[in-house]
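Since the structure comes first, as structure tokens, the remarks are kept for the end.
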Amino acid sequence: MTFADLTRELSAKLPELKGRMKANASLSDITWFRAGGPAQLLFTPGDESDLAYFLSHCPTDLTVTVIGLGSNLLVRDGGIPGIVIRLGRGFGAIAIEQGNRLRVGAAVPDVKVARAAADAGISGLSFYRGIPGGVGGALRMNGGAHGRETKDVVAEARAVDRKGRVHRLRVSDMKYDYRHCGAPADYIFTEALFQGQAGHREDILAEMAEIADYREQAQPIKSRTGGSTFKNPPGHSAWKLIDAAGCRGFKVGGARVSEKHCNFLINEGGATGADLEQLGETVRARVKDTSGIELEWEIRRLGIAANGKISKGGS
Ligand SMILES: Cc1cc2nc3c(=O)[nH]c(=O)nc-3n(C[C@H](O)[C@H](O)[C@H](O)COP(=O)(O)OP(=O)(O)OC[C@H]3O[C@@H](n4cnc5c(N)ncnc54)[C@H](O)[C@@H]3O)c2cc1C
């Protein structure tokens with residue numbers, strides 16, 4: 001699938017743009033699943049004011065989608081029409097502030113947040129060692145692990161809306177819930193201020209090493225996966241329901257339910273976005289049949305099918 005090239009039209013409207021635009025940019029090179037179609041136009045803003053400039057001048061009929069490190073994304077095979085924004089180096093700063101705080105750009109990988117906090121003797125952020133996304137994705141997904149979530153450690157965030165206006169949010173403005181953030185859907189997070197507690201570097205590093213070891217033995221972290229496919233329904237574990245429904249190892253095309261952790265889907269090589277989505281939907285249907293419980297996708301499904309059709313599900 002190839003989309004119309006929007007770069008010339010947008011360059012004419014945006015003479016002062018600092019960031020990079022790329023037409024028909026592959027997203028399968030970016031996402032953890034390594035599957036799915038391209039972005040009609042991938043924009044990497046130079047910094048927050050460049051992002052605001054782009055959004056305030058970008059025609060309103062173009063849809064804007066933001067992606068992070070692609071560790072929670074299933075991109076459909078027809079790709080994502082409109083603009084896909086991915087923050088890069090201009091959002092990569094990490095600054096330690098007084099009172100055990102870290103101010104971090106939204107493109108910084110979570111693992112680096114954990115490491116920087118440890119080096120500064122700030123505890124409470126080591127759970128980020130196990131989450132392979134970036135800060136923007138953690139803010140939007142309320143990423144969490146090992147008993148902690150982003151909502152427990154974020155004090156403030158900055159975001160730019162679809163009109164290019166910059167907002168400063170307190171944690172209460174984020175309206176957090178399990179793997180959900182209620183801040184307006186068009187907000188693109190650009191920065192987070194994390195609050196930790198005083199700790200000892202060596203203890204924090206030991207905790208991080210334990211988390212890394214646990215991940216290695218419990219999850220297929222070296223595979224092409226999107227992490228937990230479904231949210232845990234209240235009072236249940238998604239993986240136990242999937243296992244009880246007999247779906248462990250289940251296969252559609254090049255996609256398989258992981259044998260190691262059955263809430264993970266794996267691209268075994270050559271899986272399409274449609275294989276992965278169909279496998280997920282098959283699992284949902286089987287779990288509904290056996291337990292009566294409807295699993296809700298945690299993975300964000302984006303874009304259109306190979307035939308250009310817009311699917312019902314997705315975010
Ligand atoms: C092996 C593996 C293990 C995982 N383990 C965990 C875990 O323990 N806990 C957990 O919570 N998750 C886990 N995940 C899922 C994933 O890492 C998290 O959801 C992560 O927070 C997503 O971040 P990302 O940068 O990859 O975002 P993406 O996957 O690129 O995007 C996810 C969502 O965030 C939005 N988004 C991204 N950046 C921004 C931004 N700057 N502003 C606004 N919205 C944005 C996107 O639009 C999308 O809706 C795991 C994934 C894998 C592959």
Would you say that more than 12 heavy atoms from the other residues, nucleotides or ligands in this model lie under 6.0 Å from the NZ of K240, or not?
no
Within the supplied structure, the quantity of interest is the number of heavy atoms (other residues, nucleotides, ligands) at a distance under 6.0 Å from K251 NZ; does it exceed 12?
yes
Sole candidate of V153, V135, V111 that passes side-chain contact (heavy atoms from CB on, under 4.5 Å) when paired with Y128
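The passing option is V153.
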Give the other cluster members for I204, using side-chain heavy-atom distances under 4.5 Å between Ile, Leu, Val, Met, Phe, Trp and Tyr residues; answer none if it is isolated.
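Hydrophobic cluster check, I204: joined to L205, M208.
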Cluster companions of F264 among Ile, Leu, Val, Met, Phe, Trp, Tyr (side-chain spacing under 4.5 Å):
none
Show every side-chain hydrogen bond (donor to acceptor under 3.5 Å, both in side chains) that has at least one partner inside residues 38-52, sequence neighbours left out.
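As it turns out, the side-chain hydrogen bond (donor to acceptor under 3.5 Å, both in side chains) pairs with a partner in residues 38-52, which skip direct neighbours, are K18-D47, D47-S49, E48-R158, E48-T190.
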Show every side-chain hydrogen bond (donor to acceptor under 3.5 Å, both in side chains) that has at least one partner inside residues 105-125, sequence neighbours left out.
D119-R201
[atom1] of [X] to [atom2] of [Y]: how many Å apart, nearest 0.5 Å?
| X | Y | atom1 | atom2 | value |
| --- | --- | --- | --- | --- |
| L14 | T7 | CG | OG1 | 11.5 Å |
| L276 | R76 | CG | CZ | 11.5 Å |
| E268 | D275 | CD | CG | 10.5 Å |
| L10 | L17 | CG | CG | 8.5 Å |
| L169 | L139 | CG | CG | 9.5 Å |
| D152 | F194 | CG | CZ | 11.5 Å |

Please, which pairs that meet ring-ring contact (aromatic ring centres under 6.0 Å, His included) have at least one residue in [range], sequence neighbours excluded?
| range | value |
| --- | --- |
| residues 159-183 | H167-Y187 |
| residues 60-101 | none |
| residues 10-46 | F43-F54 |

Using a strict cut-off of less than 4.0 Å between a Lys/Arg side-chain nitrogen and an Asp/Glu carboxylate oxygen, indicate whether [X] and [Y] qualify as a salt bridge.
| X | Y | value |
| --- | --- | --- |
| E156 | R170 | no |
| R301 | E281 | yes |
| R179 | E149 | yes |

Keeping to residues at least two apart or across chains, list the salt bridge (charged side-chain N to carboxylate O under 4.0 Å, His left out) pairs with something in residues 182-192.
R103-E191
Does some side-chain heavy atom of I211 sit less than 4.5 Å from a side-chain heavy atom of H146?
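A side-chain contact under 4.5 Å exists here.
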For the student: nearest non-hydrogen atoms of I242 and V287, plus distance:
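In this case the closest contact between I242 and V287 is CA-CG2, 3.9 Å.
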Quick one: do R129 and E207 satisfy salt bridge (Lys or Arg N to Asp or Glu O under 4.0 Å)? Show the steps, please.
CA-CA 9 Å; R129 172 65 186 84; E207 204 180 311; over 6 Å; no
Among all residues two or more places apart in sequence or in another chain, which pass the side chain to side chain contact (heavy atoms under 4.5 Å, CB included) test with S56?
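For S56, no residue satisfies side chain to side chain contact (heavy atoms under 4.5 Å, CB included) once neighbours in sequence are set aside.
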Apply salt bridge (Lys or Arg N to Asp or Glu O under 4.0 Å) to D243 and list each qualifying residue two or more places apart in sequence or on a separate chain.
R248
Sequence neighbours left out, what passes ring-ring contact (aromatic ring centres under 6.0 Å, His included) with F3? Give chain and number order.
none
Output a table of donor-acceptor pairs, distance under 3.5 Å, between side-chain atoms of residues 220-234 and any protein atom two or more places apart or on a different chain; print 'none' if there are none.
from, atom 1, to, atom 2, distance (Å)
K222, NZ, E216, OE2, 2.6
T225, OG1, G227, N, 3.2
T225, OG1, L265, O, 2.9
T229, OG1, N263, O, 2.7
K231, NZ, E296, OE2, 3.3
N232, OD1, A238, N, 2.8

